[in-house]
Protein chains: 2
Amino acid sequence: MAGVSVAASVHEQAALRLGGLDQRYTPVRRALVTTLATAGRPLSIPEILEVNEALPQSSAYRNVTALIEAGVVRRVTGVDDHGRFELAEELAGHHHHLACARCGTVEDIVPSPRLERAMDEAARVVAEEQGYQVTGHQFDLVGTCPTCQLAPDAPTMPNARGAL
Amino acid sequence: MAGVSVAASVHEQAALRLGGLDQRYTPVRRALVTTLATAGRPLSIPEILEVNEALPQSSAYRNVTALIEAGVVRRVTGVDDHGRFELAEELAGHHHHLACARCGTVEDIVPSPRLERAMDEAARVVAEEQGYQVTGHQFDLVGTCPTCQLAPDAPTMPNARGAL
DNA sequence: GTTGTAATGAGAATCATTCCCATATAGTGT
DNA sequence: ACACTATATGGGAATGATTCTCATTACAAC
């Protein structure tokens, strides 16, 4: 556990999926995967750049996009407009999110199997009624995080425009 | 829109909530509320401008923001980055969304009471574990809409940028 | 009507994200 | 190792949505 404590399978999967598109698993991409894998929550590009100081913005965007196309990463939309990114569920496991309406932070949560089943079923039924082909669902909770609960009363933060 | 078949109570509520913040329920704001109320799905600013041709962009953004602050409108984030807007649940009723991963369109759906109850419960449990104060949830389905299913394979549609 | 406050609209400014392109690097075959 | 070709990189310019600025206008209360 010197530098990176990321399961080897994650990197293998990433390399494999990129390879399928004739794309390489370069150092920059490996760094991105490592960053996302160790974060435990979806990160925005600015947050990724904070962790990888030498990484140019354009490379971050370009490679996150490449990883998304390869199915290694997925984009999460939270309370604000910032794109946030996390490893695809096949690599990180299925889970949901808890977003703070004040500061915009998003955390991972794991729902009960029962709820999960109910949601899957509901998804199928409702979507088929509309003629959609369902490819996934998103169940996100919105609230106020412990930190922001303590803060006096910042007016719902600059970021957190009209969340639920 | 002429005859405007929007429940009077919606406008009353809007006026009331704006009034509470010393803000007026002006013609522009009324037009926005009417547009959103009759759409039946969340609209992006470009879409709103399409319906209200004479409306300047800056007024649209400014007033949507004002309506959000007054609790009349809420922002919805779908598959792409476009902000989409709809009437607050207190005015339009609680519901969820079905988003097309291709073109980004978002439709309203009404889930079963059973699922709704399960989600509320799960929300409470999970959030309390994390010390959050839950204020709401969001259950969105992602899929491919009937129209996009027919299209060969446009790579995530041009819509992702402009209006619908 | 006068006065004060809020609203409007046109355009400038901001900010995240994407695009462009010249250079660097990995992978492959020799 | 050598050359060759495709992909990746990074710096900066371009794009596009959203926000801000400000002079002007409309409304409400006096």
Side-chain angles (χ1 to χ4, degrees), chain A residues 14-15 17-33 42-50 52-70 72-73 75-85 104 155-162, chain B residues 14-15 17-33 42-50 52-70 72-73 75-85 104 155-164:
Chain A
R17 290 171 183 235
L18 282 166
L21 296 175
D22 285 311
Q23 302 215 316
R24 300 163 189 159
Y25 195 42
T26 66
V28 170
R29 289 169 188 177
R30 174 178 286 263
L32 285 175
V33 168
L43 298 181
S44 65
I45 293 290
E47 284 171 336
I48 291 175
L49 293 176
E50 246 173 62
N52 302 273
E53 300 205 354
L55 184 63
Q57 227 187 24
S58 61
S59 291
Y61 278 109
R62 178 164 26 77
N63 287 300
V64 162
T65 302
L67 290 170
I68 288 176
E69 278 165 6
V72 177
V73 167
R75 177 188 215 106
V76 175
T77 20
V79 160
D80 53 28
D81 290 336
H82 285 164
R84 285 165 193 277
F85 307 91
T156 317
M157 252 307 187
N159 300 24
R161 282 152 280 190
Chain B
R17 289 171 184 233
L18 282 166
L21 297 176
D22 284 312
Q23 304 213 313
R24 301 162 190 159
Y25 194 43
T26 66
V28 170
R29 289 170 187 177
R30 173 178 286 263
L32 285 174
V33 168
L43 298 181
S44 65
I45 295 289
E47 285 172 337
I48 291 174
L49 293 176
E50 246 175 62
N52 303 274
E53 300 204 355
L55 184 63
Q57 224 188 28
S58 60
S59 291
Y61 278 109
R62 176 160 28 75
N63 286 300
V64 162
T65 302
L67 289 170
I68 287 175
E69 277 165 7
V72 177
V73 167
R75 175 185 218 111
V76 174
T77 18
V79 161
D80 53 25
D81 293 334
H82 285 163
R84 285 166 193 276
F85 307 91
T156 317
M157 215 41 180
N159 270 25
R161 285 293 98 188
L164 186 290

Revision key, fill the gap. Between CG of Leu49(A) and C1' of dC15(C) the distance, given in whole Å, is 14 Å

Check your understanding: How long is the line joining CZ of Arg24(B) and P of dT8(C), in whole Å?
Key -> 9 Å

Check your understanding: Using a cut-off of less than 4.0 Å, is there contact between a side-chain N or O of Arg75(B) and OP1 or OP2 of dT18(D)?
Key -> yes

**Study point:** Heavy-atom pair with the smallest gap, counting every atom of Phe85(A) and Arg75(A)
**Key:** CE2-NH1, 3.9 Å

Practice item. For Ala54(B) and for Phe85(A), find the nucleotide of DNA chain C with the closest heavy atom, then tell me which residue's nucleotide is more 5'. Key: Ala54(B)

Exercise for review: Can you figure out which of dT17(C), dG10(D), dT9(D) approaches the side chain of Ile45(A) most closely?
Suggested key: dT17(C)

Point to revise | Whole angstrom value for the distance that separates C1' of dA16(C) from CD1 of Ile48(A) | key: 13 Å

Practice item. State whether Asn63(A) places a side-chain N or O below 4.0 Å from either non-bridging phosphate oxygen (OP1 or OP2) of dA8(D). Key: no

Revision key, fill the gap. From CD of Gln57(A) across to P of dC19(C) the rounded distance in Å is 15 Å

Practice item. Starting from C1' on dT18(C), measure out to CD on Glu69(A) and report it in whole angstrom. Key: 12 Å

Exercise for review: Might you point out which heavy atoms bring Leu21(A) and Ala70(A) nearest each other, and give the distance in Å?
Suggested key: CD1-CA, 3.7 Å

Practice item. In whole angstrom, give the distance that lies between atom CG of Leu55(A) and atom P of dA8(D). Key: 15 Å

Exercise for review: For dT19(D), take OP1 and OP2 only and decide whether either is under 4.0 Å from a side-chain N or O of Tyr61(B).
Suggested key: no

Review point. If only side-chain N and O atoms of Ser59(A) are considered, is one of them under 4.0 Å from the OP1 or OP2 phosphate oxygen of dG10(D)?
Key: yes

Practice item. State, to 0.1 Å, how close Pro42(A) and Arg84(A) come at their nearest heavy-atom pair, and which atoms those are. Key: CB-CB, 3.8 Å

Study note, to complete from the structure: Between Asp22(B) and Ser58(B), whichever has its closest DNA chain C nucleotide further toward 5' is Asp22(B)

Review point. Side-chain N or O of Arg62(A) less than 4.0 angstrom from OP1 or OP2 on dT9(D)?
Key: yes

Exercise for review: Report the C-alpha distance between Thr65(B) and Val73(B) in whole Å, list the side-chain angles of each, state the deciding distance to 0.1 Å, and finish with yes or no for side-chain contact (heavy atoms from CB on, under 4.5 Å).
Suggested key: CA-CA 8 Å; Thr65(B) 302; Val73(B) 167; over 6 Å; no

Review point. How close or far is atom P of dA28(D) from atom OH of Tyr25(B), stated in whole angstroms?
Key: 15 Å

Point to revise | dA7(C) OP1/OP2 closer than 4.0 Å to side-chain N/O of Gln23(B) | key: yes

Point to revise | Closest heavy-atom pair and its distance - Leu32(A), Ala60(A) | key: CD1-O, 4.3 Å

Practice item. For Arg30(B) and dA7(C), give me the distance from atom CZ to atom C1', rounded to whole Å. Key: 16 Å

Review point. Taking only N and O in the side chain of Thr26(B), is any of them less than 4.0 Å away from OP1 or OP2 of dA6(C)?
Key: no

